Amino acid sequence: FFSSRRRHTRYPLVTGVQTCALPISTPDGSFGPDTVKKAMVHFNLSKSEAAHFFGQCAHESGGFTVFSENLNYSAQGLLGTFPSYFHGIDPNAYARQPVKIANHVYANRNGNGPESSGDGWNYRGRGAIQLTGKANYQSFGKTVRGDDVVSNPDLVSTKYAFDSADRKSTRLNSSHEWISRMPSSA
């Protein structure tokens, strides 16, 4: 999408904030023409960082429509998406049970407890880049004033959907490595 190396791509090469067709928020909460500019100031982003940030956010959130991970997988979907977590385990026992799936695949990872703790579901992917895992919610929570995102993790998919994706306040696990690999300026 962002590379000119492919000559026959379905997407035109664009630069800077043109990559994001995001307009900026007006007082009623809708998007307007200054959305990206205001976000660049809020997150202290250069044009190329903003293009990368909003491009990644758009991809991870299904075009800014999904801010909470959907774990409603079929048995076949589980084997395709989480093959290592279902080696020797019948995926049919988990199919179409999002809570059970989350607790299984996210158990004992990123600060989560065992499957029985419920942490997998409580700290499933949320926000514009799908913040995942109790340790990452705790880390992000240190940057939030006045709200406890560990006790109320749904705030990450609503009030803090983009703040949780901010590369400067969120240096987290490997699923967020793209953040630390971004150039500091452009």
Side-chain angles (χ1 to χ4, degrees), residues 20 22 24-31 35-46 49-73 81-82 84-85 97-185:
C20 310
L22 251 181
I24 209 98
S25 231
T26 58
D28 65 0
S30 65
F31 289 108
T35 301
V36 173
K37 290 177 187 174
K38 289 182 180 179
M40 287 173 62
V41 171
H42 177 78
F43 293 118
N44 191 27
L45 301 171
S46 68
E49 288 172 327
H52 189 268
F53 177 77
F54 284 109
Q56 185 72 32
C57 290
H59 173 77
E60 296 287 340
S61 66
F64 305 105
T65 61
V66 180
F67 291 91
S68 185
E69 185 175 15
N70 177 358
L71 291 151
N72 190 24
Y73 290 95
T81 306
F82 303 106
S84 62
Y85 294 96
Q97 299 178 66
V99 175
K100 191 172 181 179
I101 293 168
N103 288 331
H104 179 68
V105 300
Y106 295 135
N108 302 307
R109 299 172 55 196
N110 298 322
N112 289 347
E115 197 168 333
S116 61
S117 71
D119 287 348
W121 177 253
N122 290 331
Y123 304 107
R124 67 190 178 279
R126 288 189 183 89
I129 62 165
Q130 302 297 301
L131 183 70
T132 306
K134 187 175 185 176
N136 291 329
Y137 276 73
Q138 290 169 329
S139 178
F140 172 64
K142 292 175 185 174
T143 70
V144 176
R145 295 184 185 180
D147 286 314
D148 183 353
V149 298
V150 175
S151 296
N152 189 357
D154 285 329
L155 288 171
V156 174
S157 61
T158 56
K159 185 175 182 179
Y160 298 112
F162 287 95
D163 291 294
S164 66
D166 175 24
R167 75 185 192 333
K168 290 178 174 69
S169 66
T170 313
R171 297 215 181 251
L172 306 169
N173 69 27
S174 61
S175 68
H176 298 88
E177 281 182 34
W178 67 271
I179 295 168
S180 60
R181 289 194 311 256
M182 284 181 59
S184 58
S185 64

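FYI, the numbering just counts along the sequence from 1. Quick note: numbers below take in every heavy atom, side chains included, and nothing from hydrogens, waters or symmetry partners. Just so it is clear, the model here is predicted, and its values are computed rather than measured.
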If you look at every heavy atom in [X] and [Y], which pair is closest and at what distance?
X      : Y      : result
Phe67  : Ser61  : CE2-CB, 4.0 Å
Ser164 : Gly127 : OG-CA, 3.9 Å
Pro153 : Tyr137 : CB-CE2, 3.5 Å

How long is the straight-line distance from CG of Leu45 back to NE2 of His52, given to the nearest 0.5 Å?
11.5 Å
Can you tell me how far apart OG1 (Thr158) and CG (Asn152) are? Round to the nearest 0.5 Å.
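Here the interatomic distance stands at 7.5 Å.
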Please name all residues satisfying side chain to side chain donor-acceptor pair (under 3.5 Å) with Asp148, sequence neighbours left out, ordered by chain then number.
Ser151
side-chain hydrogen bond (donor to acceptor under 3.5 Å, both in side chains), that's the test. Do Asp166 and His42 meet it? Break it down for me.
CA-CA 10 Å; Asp166 175 24; His42 177 78; over 6 Å; no
Backbone N/O of [Y] and side chain of [X]: donor-acceptor pair under 3.5 Å:
X      : Y      : result
Asn136 : Thr132 : yes
Gln130 : Glu69  : yes
Asn103 : Gly120 : yes
Ser139 : Ala135 : no

Under 4.5 Å between any side-chain heavy atoms of [X] and [Y], yes or no?
X      : Y      : value
Val150 : Tyr123 : yes
Asn112 : Ser117 : no
Ile129 : Cys57  : yes
Phe140 : Val149 : yes

Mind checking whether Phe82 and Tyr106 have parallel, tilted or perpendicular rings, split at 30° and 60°?
perpendicular
Quick one: sort the Tyr85 and His104 rings into parallel, tilted or perpendicular, breaks at 30° and 60°.
perpendicular
Quick test of your reading: applying salt bridge (Lys or Arg N to Asp or Glu O under 4.0 Å), list the pairs with at least one residue in residues 115-138, sequence neighbours left out, ordered by first then second residue.
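For residues 115-138: Arg126-Asp154.
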When you compare the side chains of Tyr160 and Asp147, does any donor N or O come within less than 3.5 Å of an acceptor on the partner?
yes
